[in-house]
Amino acid sequence: MDLLYRPRRLRTSDTLRKMVRETRVSKESLIYPLFAVDGEGIVEEISSMEGQYRYSVDRLSLIMDRLVAAGVKKVLLFGIPEHKDACGSQAYEEDGIVQRTIRYIKENYPSVYIITDVCMCEYTSHGHCGILCGETVDNDKTLAYLNRIAVSHARAGADMVAPSDMMDGRIGSMREALDEAGFSEVPIMAYSAKYASAFYGPFREAAGSAPAFGDRKSYQMDYHNRKEALKEAELDAAEGADIIMVKPALSYLDIIREVADRHDIPVAAYSVSGEYAMIKAASKAGFIDEEKIICESAISIYRAGANILITYFAIELAGFIDEGKIG
Ligand code: PBG
């Protein structure tokens, strides 16, 4: 046949296929979500997330050693306090679980970059992401608390803060608060397009952060919307976000693509607990090849335009990069 174009020519060998790859990934862009819990001697498996654990500070070396050995040197830190109250005061305590964990990691694993999740739902008795006024979350009152949390994380040594609350105006207000406290070099990774998603189910079990009543639809986004995500990203970028995030990842690849196309700041994607749990469950049932599905789904997120991936599979992915299975 007299064919001028034969796309298959570039697929004839592994060497060639790897040479012409359009998407490259590196361990440097992987972030591992880490759950630290108040108490001692705790290594508790999260039942809906096989292979993921909550650790008390004295047991954190178990996971930190694995991360460092795998070359995953960035964590997104979540704290699970023993005591909760209406205004989530453990979130900004100098000796709170996150603050103590930061100090522990900085002392023992100085090469690890610490990003902290800034939110109130793990700390409030009602499980909502802010201060309540009646049954609704009061946006403007919540901002002052979020600022206080972010500054206390920075003071404990956090390298970056990541507000996940979805209050309006939080990025601008947090930037100002950090700057005033002397932390103008601490970047903000904004959970910009964060959808009200059932994919967070396993996380809420892990963090004990399910709302005691109602849902998060008055602050997190409606998944029918795409323009609204662009607006949120626009606002966060204008307010000074250094990195913008889309969350969840796999059902929102279209949003990742559009946000990445429109912005010239880095885009992160968070492949959330439900995505992890589905892959784990299907592979345990023998329905899918876990390794291949982890690789394919991670690459799809990068291909959609993400520069940074937050994933519970970070250690596995680092291994696959080392073995040349992806990369
Ligand atoms: C806190 C927060 C949540 C997640 C990250 N930060 C839960 C929620 O918004 O209910 C979800 C992460 C995951 O599912 O892996 N607001």
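Just so it is clear, the values below take in all heavy atoms, side chains as well, and ignore hydrogens, waters and symmetry mates. Atoms within a ligand are numbered from 1 in the order they appear, just like the ligands themselves.
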Identity and distance of the protein heavy atom lying nearest [atom]:
atom                    : answer
atom 2 (C) of ligand 1  : K194 NZ, 3.4 Å
atom 14 (O) of ligand 1 : S273 OG, 2.6 Å
atom 5 (C) of ligand 1  : K247 NZ, 2.7 Å
atom 15 (O) of ligand 1 : Y312 OH, 2.6 Å

Aromatic ring pairing Y270/F78, orientation class (parallel under 30°, perpendicular over 60°, tilted between): tilted
Per atom 6 (N) of ligand 1, closest listed option by heavy atom (V118, I310, T311, D117): D117
Nearest-option assignment for atom 3 (C) of ligand 1, heavy atoms, candidates Y276, Y219, F203: F203
Charged tip of K194 within 45° of Y200 ring normal and under 6.0 Å: yes
Face-on cation placement of K247 at F199 ring, 6.0 Å and 45° thresholds: no
I'd like to check which ligand 1 atoms, numbered from 1 as shown, lie under 4.0 Å from a non-hydrogen atom of [X].
X    : value
F78  : 5 (C), 6 (N)
Y270 : 12 (C), 15 (O)
R216 : 8 (C), 9 (O), 10 (O)
C121 : 1 (C), 16 (N)

Between Y32 and Q52: side-chain donor-acceptor atoms closer than 3.5 Å: yes
Side-chain donor or acceptor of S56 paired with backbone N/O of I42 under 3.5 Å: yes
H128 (side chain) donor-acceptor with F213 (main chain) under 3.5 angstrom: yes
Side chain, backbone, both or neither: the part of D165 lying under 4.0 Å from ligand 1 by heavy atom: neither
Within the 6.0 Å centroid threshold, strictly below: F35 and F203: yes
H153/Y92 aromatic ring centres below 6.0 Å: no
Ligand 1 contact by E275, heavy-atom criterion under 4.0 angstrom: no
S209 N/O under 3.5 Å from ligand 1 N/O: no
Polar proximity ligand 1 side, E122 side, N/O cut 3.5 Å exclusive: no
Spatial distance of atom OG (S273) from atom CD1 (I46) [nearest 0.5 Å]: 9.0 Å
